[in-house]
Structures are given as C-alpha cells and as structure tokens.
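Below is one structure, written out as structure tokens, with a few remarks after it.
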Amino acid sequence: MSLCIFFAAPAVWDEYCDILPALLTEAGIAAEVVTEAPDPAAVDYIIYAPSAPLQDFTPFTRCKAVLSLWAGVERIVGNATLTQPLCRMVDTGLTEGMVEWVVGHTLRHHLGMDRHIVNPGHVWDPTCPPLARERVVAMLGMGALGTACARALAALNFQILGWSRTSKVVEGINCLHGDAGLEAALRRADIVVTLLPKTPETENLLDARRLGWMKRDAVIVNPGRGALIDDAALLAALDAGALGHATLDVFRVEPLPADHPFWSHPRVTVTPHIAADTRATGAARVLVENIRRAEAGQDLMNLVDRARGY
Ligand code: NDP
Ligand code: OXD
C-alpha cells in the first residue's frame with residue numbers, strides 16, 4: 001500500500017478527496033491519500049500546491065515523486081531540500097482554460113471591443129477593425145500552454161510568431177528563438193502574449209529596453225508570471241503612450257495590493273490569476289497516471305528540469 005500526502009489548501013483537498021482515491025482504485029493502485037502523516041518517512045508521493053506551508057522536504061526520505069498541482073513551479077523548484085523528482089501539471093482542463101482566456105483577451109484588443117462596450121457619448125463610429133490575418137501576435141513561450149494558444153489563434157487566422165528557448169517547428173506558426181528572435185517578434189507584434197515560466201533567465205524579460213522595441217499601440221497580455229515584466233518600466237511606457245494596453249493576470253505580489261497603480265491605470269486590465277485553473281477531474285487522472293508509472297518503474301510525465309527551472 002502506497003501512502004500519498006496531499007499538501008494544499010483545505011478547499012483544494014475538498015475537490016480531490018473523493019475523486020483521487022476513486023481513480024487510484026480504478027487504476028488498480030493500492031494507495032491511501034491523507035492530508036497529514038505522523039511519519040513523513042512513510043510517505044511515497046507528495047501532491048503539492050504552493051498554498052501549502054511545506055518548505056522542508058528532508059523528512060520525506062522514501063518519497064518517490066513530488067507531483068505539483070500547478071503548471072508553474074517557481075516556488076518549489078529551487079528548494080534545496082527537494083531532492084525527489086518534481087512533476088508539474090499539464091492537463092487538458094488547464095490548457096483549455098488558458099486557450100479561452102488568451103483568445104478572449106486577444107480578441108478584445110483586436111476588435112477594439114472597449115470602444116463599444118464603454119461609449120458614454122453614444123458615438124456612432126462605423127470604423128471596422130482589421131481582419132485577424134492582418135494582425136501579428138507574438139507568443140512568448142511555446143510550451144504546453146503557449147503552443148495550444150498559438151494554434152487556437154492561428155486557426156482564427158492571426159499571424160503568429162512563436163518564441164521559445166530552443167528552436168521549434170510547429171505547423172502554421174513562425175517559430176523563433178534566441179535574442180534576435182525575441183527582438184524580431186517584439187518589433188513586429190501587435191499583441192504580445194507572455195506564457196513563459198518564471199526563471200532567473202525570464203525575470204524582467206520585458207524591461208524598458210525590450211518594451212521599447214514594441215509598437216506604440218501594441219498590447220501585452222500576460223497570463224504567465226508577473227515577474228516576466230518590469231512593472232515600473234511597463235507603467236512608464238504606458239504613461240508615455242509608448243504602449244497601448246496591458247492585460248495582466250499574474251503579479252509579483254498576489255493578491256495585487258489595493259494601492260498598486262495597476263488597479264487604477266486606464267491602460268491596464270487586471271484579472272485575479274484566473275486565466276487557467278487546475279480542475280480536479282482532469283488533474284486527478286494526471287496524478288494517478290504518474291503514480292502508476294512510478295510504481296511500474298516507468299518514466300514520469302511532465303518532469304521538471306531542476307537546472308533549467310521549469
Ligand atoms: P512549459 O514548460 O510547457 O513551456 C514553457 C515555455 O517557455 C517553453 O516553450 C520554453 O522554451 C519557454 N522558455 C522557458 N525559458 C525560456 C527562456 N529563457 N527564453 C525563451 N523561452 C523560454 O510551460 P507551460 O506552457 O505549461 O506554462 C507556462 C507558464 O504559464 C507556467 O510556468 C506558469 O507560470 C503560467 N501559468 C499561468 C496560469 C494562470 O492561470 N495565469 C495557469 C498555468 C500556468 P522551450 O520550449 O525551448 O523549452
Ligand atoms: C499554475 C497557475 O501555474 O495556476 O498552475 O498559475
């Protein structure tokens with residue numbers, strides 16, 4: 001019998017307490033899932049969300065894997081006490097949610113919807129927006145989420161420039177990498193979507209210099225991580241009219257403090273880290289499949305490269 005410990009906020013456990021044991025049984029895995037273990041040395045698997053206070057993994061001497069409920073692992077990946085394999089969450093529900101959020105906010109800016117939703121002067125302006133085929137969207141990050149969003153936007157005819165650390169070939173997407181690729185993408189894009197993990201290399205990626213490469217009316221849509229963008233440089237660019245708008249879902253401090261200038265800035269839209277949620281029905285299957293693989297001595301899915309940081 002394996003022992004799995006679930007470290008997350010109590011409300012998260014409520015979502016998994018029935019489905020996870022049921023799916024383990026369905027998969028033929030003899031395992032118990034608990035939220036407290038008197039003897040950490042008896043634990044085989046740790047299911048982890050950053051809302052849990054767990055910091056010291058040292059006592060979990062028998063643990064075969066730490067399975068993150070989140071896609072982004074920046075709050076755990078650098079933990080020196082974590083020596084076990086770490087898997088991040090890749091799940092269809094998470095991906096679908098992200099695609100819907102990114103497509104929705106991209107279309108808002110592409111179609112100029114705000115002009116008609118907020119039109120206090122009842123101005124009849126029949127100017128039509130361009131077609132999607134006339135707009136360039138840069139997708140910074142072409143991983144599980146970025147690639148799905150890029151494909152969905154390409155299916156609507158947007159011209160997509162994908163940018164990643166390593167070179168890629170994705171049908172229908174012009175894939176770039178490296179510093180020159182980033183500059184080319186930022187200079188050409190009308191809308192820039194940031195779906196990168198937070199790592200030492202991506203922190204402040206969009207700083208004053210790189211924001212300066214963007215078109216004056218370009219829009220940033222950031223569901224990745226707050227630290228990807230230099231906040232002060234972004235506000236300065238927006239105030240100077242050097243950028244059109246920023247739609248931000250993620251922030252350096254969450255919840256975003258009440259006095260943060262993003263809340264009231266006329267060119268900033270704040271959404272409260274809701275771009276995509278890990279949903280228990282799909283995510284529990286991913287957890288169970290990884291436990292099954294570990295028990296069978298097979299390779300784990302979605303393994304984090306600790307050196308790379310994602
Ligand atoms: P992946 O690990 O699948 O993809 C990451 C992508 O970023 C890869 O294409 C990778 O390049 C690229 N990348 C990483 N470092 C660099 C770098 N230094 N330069 C250029 N490209 C780089 O992650 P996901 O797509 O699953 O998730 C992305 C992020 O989305 C998460 O880390 C998390 O922060 C955020 N997220 C936000 C949510 C929300 O609700 N707001 C929900 C879920 C996730 P390569 O392909 O070459 O390795
Ligand atoms: C995640 C997130 O990383 O919700 O899963 O941001």
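We count residues from 1, following the sequence as given. All values below were derived from every heavy atom in this structure, side-chain atoms included, with hydrogens, water molecules and symmetry-related copies excluded.
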- Query: Is there a side-chain contact (heavy atoms from CB on, under 4.5 Å) between V286 and M89 once you walk through the steps?
  - Reply: CA-CA 8 Å; V286 176; M89 182 52 66; 3.9 Å; yes
- Less than 4.0 Å between a side-chain N and a carboxylate O, is that true for R308 and E201? no
- Centroid-centroid under 6.0 Å between W101 and H273 rings: no
- Would you call T271 and L248 a side-chain contact if the rule is heavy atoms closer than 4.5 Å? no
- Item | Shortest non-hydrogen separation from R279 to D91 and the atoms involved | O-OD2, 4.1 Å
- Message: Does either side chain, that of H245 or that of T269, offer a donor lying less than 3.5 Å from an acceptor on the other one?
- Response: yes
- Query: Should K168 and L176 be marked as a side-chain contact (heavy atoms from CB on, under 4.5 Å) after you check the CA-CA gap, both sets of side-chain angles, and the distance that decides it?
  - Reply: CA-CA 8 Å; K168 285 200 188 318; L176 307 167; over 6 Å; no
- Message: Check this for me, if you would: do R293 and E289 make a salt bridge, where the nitrogen-to-carboxylate-oxygen distance has to be below 4.0 angstrom?
- Response: yes
- Task: Check whether any side-chain heavy atom of R135 sits under 4.5 Å from a side-chain heavy atom of P130, and report yes or no.
- Result: yes
- Message: Tell me whether the count of non-hydrogen atoms from other residues, nucleotides or ligands lying under 6.0 Å of CG in D299 goes above 12.
- Response: no
- Qualifying residues under side-chain hydrogen bond (donor to acceptor under 3.5 Å, both in side chains), relative to R306, sequence neighbours excluded: none
- Task: Please check if the distance between the ring centroids of H110 and F158 is under 6.0 Å.
- Result: yes
Can you list, pair by pair, the side-chain donor-acceptor contacts under 3.5 Å of residues 204-214, counting residues two or more places apart and other chains?
from	atom 1	to	atom 2	distance (Å)
N204	OD1	R252	NH2	2.7
D207	OD1	R209	N	3.3
D207	OD1	R210	N	3.0
R210	NH1	L205	O	2.9

- Query: Do the rings of F60 and F7 sit parallel, tilted or perpendicular, given the 30° and 60° boundaries?
  - Reply: perpendicular
- Query: Would you say the side chains of R165 and Y310 form a donor-acceptor pair under 3.5 Å?
  - Reply: yes
- How about Y16 and T35: do any of their side-chain heavy atoms sit closer than 4.5 Å? no
- Message: With a 6.0 Å cut-off (strictly less than), is the heavy-atom count around CG of D39, excluding the residue itself, greater than 12?
- Response: yes
- Query: Does any donor atom in the side chain of T127 or R115 lie under 3.5 Å from an acceptor atom in the other side chain?
  - Reply: no
- Message: Do the side chains of R292 and E295 get close enough for a salt bridge, i.e. N-O under 4.0 angstrom?
- Response: no
- Task: With the side chain counted from C-beta on, respond yes when D190 and K215 share a heavy-atom pair under 4.5 Å apart, and no when they do not.
- Result: yes
